[in-house]
Amino acid sequence: MDIPSKYDPQRVEKQWYSYWLEHGYFHSEPDGREPYTIVIPPPNVTGVLHMGHMLNNTIQDVLVRRARMMGKNACWVPGTDHASIATEAKVVAKLRAEGISKDSIGREAFLEHAWDWTHNYGGVILEQLKKLGCSCDWKRTKFTMDPDMEQSVIRVFVDLYEQGLIYRGYRMVNWDPEAQTTLSDEEVNYEERQGFLYHIAYPVVGSDQKVVIATTRPETILGDTAVCVHPDDERYTHLHGKQVRVPICDRVIPVIADPYVSMEFGTGCLKVTPAHDENDYVLGQKHGLEIIDIFNPDASLNAYGLHYRGMDRFEARRAMAAELEEKGFLVKQETYVNKVGTSERTHAVIEPRLSDQWFLSMEELAKPALDAVLKSGEVKLVPSKFDNTYRHWMENIRDWNISRQLWWGQRIPAYYYGPGKEDYVVAETAEAALEKARARSGNPGLKAAQLRQDEDVLDTWFSSWLWPISVFGGILEPDNPEVNYYYPTSDLVTGPDILFFWVARMIMAGYAYRKQPPFHTVYLTGLVRDKQRRKMSKSLGNSPDALQLISDYGADGVRVGLLLSAAAGNDLLFEESLCQQGANFANKVWNAFRLVHGWKVADAPQPEAARLGIAWYRARLGEALLEIEDHFSKYRISDALMVIYKLVWDDFCSWLLEIVKPAYGQPIDRQTYDAVIALFEDNLRLLHPFMPFLSEEVWQYIAARSPQEALVIASWPRAGQPDAALLTGFDFTREVISAVRTIRKDKNLPFKEALALRVLDEEQIGPGWDVLIAKLANVSDIARVEQAPEGALSFRVKSNEYFVPLQGSVDVAAEIEKIREELNYTRGFLASVQKKLSNDRFVSSAPEQVVALERKKASDAEAKIETLEKSLANLR
RNA sequence: GGGCUCUUAGCUCAGCUGGUUCAGAGCACCUGCCUUACAAGCAGGGGGUCGUUGGUUCGAAUCCAACAGGGCCCACCA
């Protein structure tokens, strides 16, 4: 045979992927079929494939490939995201390494570098997805900064502005001092950090008294503009209306009273720094306090920092604590754990900062999006446990800060024509802006050169929230045939970590711009963790190299490995051995193929065992199909795969193939051969979404004769009603066969030595299944008897009793003991059932079927006891 | 601090609206086998009082309560 005995993924994967591409199987155009659409969660354009991508793209591919086989017009739109902060940070770092600063080269030159970077590294991840086998429609590949995608974003911005939903406001926002941009609330993570609570004494003006405040951030005292106490706090009543002196800078500030202050915390006395704390800002507004910002954009101290000017905030904190102590202001310093906001991207500690930013008002947008999930069910979250999380966020939604002080991204289409804060217009193009500006300013002579476009760009999510619409041109041409056909998409597969960042906002955009949800189902995968449950991350170095895995185990092996333990919504504990399991499975299928492929076919009558085995397997396949459909309908991909795994490995390979296998060197009859091939084909169809490469490879050997018959576009098997009698008959037979094998093992009887078998057929099974027992248990002679033969080993299946006559080697005492144990167990069982049945309350209150079942159990047990007693008597 | 969720074999998990086909699966483990598709394999086997305590019920892994211990999300207490 010229077929290698080990499956070699490397050899076939590249070949079939090119074959699929060459024949355009992944490309979709609108037609009369029902569409099945997925838009990929666009990965960062300069990113590389990690385990999370592997998992969710494998799931998407399984769904898409299956839908394609089910006759739907499957369209999986791939693409990438410009990832404003991340990409800009990378480019800045690269330039810095070359001794170039972003500001020195200016916006345009910087963007050129960024585009170069994007073109050099961009799309690598898409090539990696091909290695995984993803059946994306590559002709539809999109990038969030493609001209049409960008235009869609700008148009939406202008539209929302005109609706009054986008506004510019001076607010306390999250400032990332490292990236030097603001962040939305969602981009801030809170971490517990060990720090100190400093108790600092402020001298009261006009007395020798002092008031002690507690703070975790002593460096901000330079921005203090008040000290606040609770109006009812009797400890401080005497301070009302007084003034205190801020240590170090000696500024005199008022003592104010406000119920916001908690009397229990710290000293019950709060320093108020309106520029650097959201609550303090609110207090400042309320009490008309001065706002003193003491930081530069990189969070070093500015001129208000006095002799600490230019020093980093954390360094300044230590230095200032030392100075306060030295000068006697520091009363106490205790260790304290508090929550610190950090940047999602740079992990820098966030600084609350007041500035002018653009906001999107969310309340109105959130309403339909909330109803879609919780009321109408137009969008279903899988697993549904995320419904509550979603509700909570939606109901407490805050306005979205959409401006970023970056250059890489869609620039905000606001144009300033004058010095005033309100001297601006918003328009899609500079030309349109000029016209609007002339009208608004009342100055028809305004020149284009006098307009200054806003320097900021939009949050990346402000473009990705339109993704399911804009990839089909649905923003720019709302009524085009593509968007009308593909939208709403079918399923979205992504991680729960971006439920708010992305999923929720897409739903809002969907209702705002299409009056329809962007997708019907959101499948939220778990996080990929390592064996110690640690999240896989680059910094921990615990994430395996995705491409290395593919080359070690094959794409199919890795796909199976990932899916085997990926119950929806559960985190998945990844280890390489799972991929090994997947690769082993691939090899198993490969070898089944080798066996079948090696058979010589002859025109001969079909053996009864083969006929029966094939009939049974058809029923079994039908049964498995129903289970698989059920799992898919609940998005239990992992369970669907396990059903197929067991079907193929156990039922097909271990049972059916052993049943039909001709004796060594003998040919197989044509009828059996054809039937087995057909069943093998059905197995391959089921395997294909999970293991596309292996299944296509084998399929091409045994089934395909032309590109129109490729497995990738073959049809998914249809479920019928399986023959229940065949299934139960086979299960019974399987038990008999296993029992004979157990006897062989116990007694050390070689398989080659044929045995005889006698049956007390209480169950009236009949001889129909004997051919299978004969073949698989190597039994040469099976006969039904009326009475237990002497000198035989025995076993029972239900109330049937089986005997293997073995003169001389039977230990009668041991047999008696075995039967006694079974008898005891069965009597105990019967007793418990009878106890239940004699309980009137059970008989009267339990449902009829349950009672009937109990009666049946009792009579079965009685029958079995009878057989056992007979055998026991015989042995004696 | 609020909300959600989980705790079933060594590991990872199924067990839907309570009733012996519910005590399961895969992996791991143990014992035989290099049997002519496959040792990345074949055949056989052991293993859990379903976190703890109480309650509801004729009957609970399955419902309720409390407790213990995980996890997730949200939240401005310096």
Side-chain angles (χ1 to χ4, degrees), chain A residues 1 3 5-7 172 190 197-198 213-217 220 228 260-262 264-273 277-282 336 338-339 341 352 383 385-393 396 496-497 499-500 527 531 533 553 557 564-565 567 569-573 575 577-578 580-599 634 636 638-639 642-643 645-646 653-654 657-658 661 663-665 728 731 738 741-746 748 750-752 829 832-833 835-836 839-847 849-851 853-854 857:
Chain A
M1 200 196 298
I3 311 242
S5 75
K6 302 265 185 273
Y7 172 61
M172 183 70 75
Y190 288 88
L197 191 60
Y198 302 86
I213 59 91
T215 180
T216 55
R217 302 197 60 188
T220 63
C228 187
Y260 163 73
V261 179
S262 154
E264 284 76 43
F265 188 89
T267 60
C269 193
L270 173 74
K271 70 189 222 32
V272 184
T273 324
D277 184 279
E278 181 144 16
N279 299 303
D280 290 14
Y281 176 67
V282 173
Y336 183 70
N338 67 334
K339 295 234 173 168
K385 67 178 176 187
F386 288 106
D387 286 4
N388 282 320
T389 314
Y390 181 85
R391 176 213 303 269
H392 187 264
W393 189 76
N396 296 283
D497 49 334
L499 184 59
F500 306 135
L527 258 35
K531 202 62 180 147
R533 287 195 181 272
Y553 301 99
L564 275 177
S565 61
N570 278 2
D571 284 354
L572 134 138
L573 273 54
E575 46 174 340
S577 65
L578 291 169
Q580 186 61 58
Q581 194 185 342
N584 291 354
F585 183 44
N587 200 51
K588 182 71 188 178
V589 175
W590 181 250
N591 275 294
F593 156 65
R594 287 180 63 223
L595 171 69
V596 172
H597 189 257
W599 282 336
K634 293 168 184 154
R636 300 168 67 136
S638 172
D639 295 294
M642 187 46 74
V643 171
Y645 181 93
K646 287 193 281 191
C653 294
S654 299
L657 290 183
E658 293 302 327
K661 196 179 189 175
Y664 182 61
T728 53
D731 283 344
S738 284
R741 286 171 174 169
T742 307
I743 284 186
R744 280 188 190 278
K745 171 124 200 234
D746 285 352
N748 243 326
F751 184 81
K752 283 176 188 159
F829 174 71
S832 80
V833 174
K835 187 179 160 201
K836 212 183 268 190
N839 181 336
D840 285 344
R841 293 220 270 174
F842 169 72
V843 178
S844 56
S845 48
Q849 300 136 299
V850 175
V851 178
L853 198 66
E854 292 300 312
K857 276 189 263 174

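Note that these values count all heavy atoms, side chains included, but never hydrogens, waters or copies made by symmetry. Just so we're on the same page: letters track the sequence lines, and every chain starts at 1.
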Any heavy-atom pair between the side chains of [Y] and [X] that's under 4.5 Å?
| X | Y | answer |
| --- | --- | --- |
| A:M172 | A:P352 | yes |
| A:T220 | A:K271 | yes |
| A:F593 | A:I3 | yes |
| A:N388 | A:R391 | yes |

Answer yes or no: is there a donor N or O on one side and an acceptor on the other, between the side chain of [X] and the main chain of [Y], under 3.5 Å?
| X | Y | answer |
| --- | --- | --- |
| A:N396 | A:H392 | yes |
| A:N587 | A:K6 | no |
| A:T216 | A:L197 | no |

N/O (side chain, [X]) to phosphate O (OP1/OP2, [N]) under 4.0 Å:
| X | N | result |
| --- | --- | --- |
| A:S577 | B:rA28 | no |
| A:Y260 | B:rA78 | no |
| A:Y645 | B:rC27 | yes |
| A:T742 | B:rG45 | yes |
| A:N388 | B:rU5 | no |
| A:R841 | B:rC58 | yes |
| A:R217 | B:rC77 | no |
| A:K661 | B:rA37 | yes |

Using a heavy-atom cut-off of 4.0 Å across all strands, would you classify [X] as base, sugar-phosphate, or nothing?
| X | answer |
| --- | --- |
| A:N839 | sugar-phosphate |
| A:K271 | nothing |
| A:F751 | nothing |
| A:V261 | base |
| A:Y336 | sugar-phosphate |

>> On RNA chain B, does the nearest nucleotide to A:G266 precede the nearest nucleotide to A:K745 from the 5' side, or the other way round? Give the residue.
In response: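 Closest to the 5' end, via its nearest nucleotide, is A:K745.
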>> Reading RNA chain B from 5' onward, which residue's closest nucleotide shows up sooner: A:T216 or A:K752?
In response: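 Result of the comparison: A:K752.
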[atom1] of [X] versus [atom2] of [N]: gap in Å, rounded?
| X | N | atom1 | atom2 | value |
| --- | --- | --- | --- | --- |
| A:H392 | B:rC4 | NE2 | P | 10 Å |
| A:F265 | B:rG1 | CZ | P | 14 Å |
| A:W393 | B:rA75 | CH2 | P | 10 Å |
| A:D840 | B:rC58 | CG | P | 13 Å |
| A:L564 | B:rG26 | CG | P | 12 Å |
| A:Q581 | B:rU12 | CD | C1' | 11 Å |
| A:Y664 | B:rU35 | OH | C1' | 12 Å |

Taking a pair as Watson-Crick or G-U wobble with both distances under 3.5 Å, which nucleotide is matched to [N]?
| N | value |
| --- | --- |
| B:rA65 | B:rU53 |
| B:rC16 | none |
| B:rC42 | B:rG32 |
| B:rG1 | B:rC74 |
| B:rC11 | B:rG26 |

For the side chain of [X], counting heavy atoms from C-beta on, which of [options] is nearest?
| X | options | value |
| --- | --- | --- |
| A:R636 | B:rU21, B:rA78, B:rA14 | B:rA14 |
| A:L573 | B:rU12, B:rG44, B:rA78 | B:rU12 |
| A:T215 | B:rC74, B:rA75, B:rA78 | B:rA78 |
| A:A592 | B:rA40, B:rG19, B:rA37 | B:rA37 |
| A:K6 | B:rU20, B:rA40, B:rA78 | B:rA40 |
| A:E658 | B:rA43, B:rC38, B:rG26 | B:rC38 |
| A:S738 | B:rG44, B:rG26, B:rC73 | B:rG44 |
| A:S654 | B:rC42, B:rC73, B:rG41 | B:rC42 |
| A:F829 | B:rC74, B:rU20, B:rA75 | B:rU20 |
| A:L595 | B:rA37, B:rC27, B:rC77 | B:rA37 |

> What is the distance from atom CG of A:L572 to atom CG of A:L578, rounded to the nearest 0.5 Å?
Replying inline: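 Reported value, rounded in 0.5 Å steps: 7.5 Å.
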When you measure only distances, ignoring hydrogens and angles, does the side chain of [X] come within 3.5 Å of the base of [N] through a donor and an acceptor?
| X | N | value |
| --- | --- | --- |
| A:E278 | B:rA78 | no |
| A:K588 | B:rC38 | yes |
| A:N279 | B:rC76 | yes |

Give me the distance, rounded to whole Å, that separates [N] from [M] when you measure between the [atom1] atoms they each carry.
| N | M | atom1 | value |
| --- | --- | --- | --- |
| B:rG2 | B:rA66 | P | 14 Å |
| B:rG15 | B:rC30 | P | 31 Å |
| B:rC11 | B:rA28 | C1' | 7 Å |
| B:rG10 | B:rC6 | P | 22 Å |
| B:rU7 | B:rC13 | P | 10 Å |
| B:rA23 | B:rC34 | C1' | 38 Å |
| B:rG44 | B:rG26 | P | 13 Å |
| B:rU12 | B:rG19 | C1' | 29 Å |

> Where do A:P496 and A:L527 come nearest, in terms of heavy atoms and distance?
Replying inline: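 Heavy atoms of A:P496 and A:L527 come nearest at CD-CD1, 4.5 Å.
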>> For A:Y336 and A:F265, take the angle between the two ring planes, folded into 0 to 90°, and tell me which bin it lands in: parallel under 30, tilted 30 to 60, perpendicular over 60.
In response: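 Answer is perpendicular, since the angle exceeds 60°.
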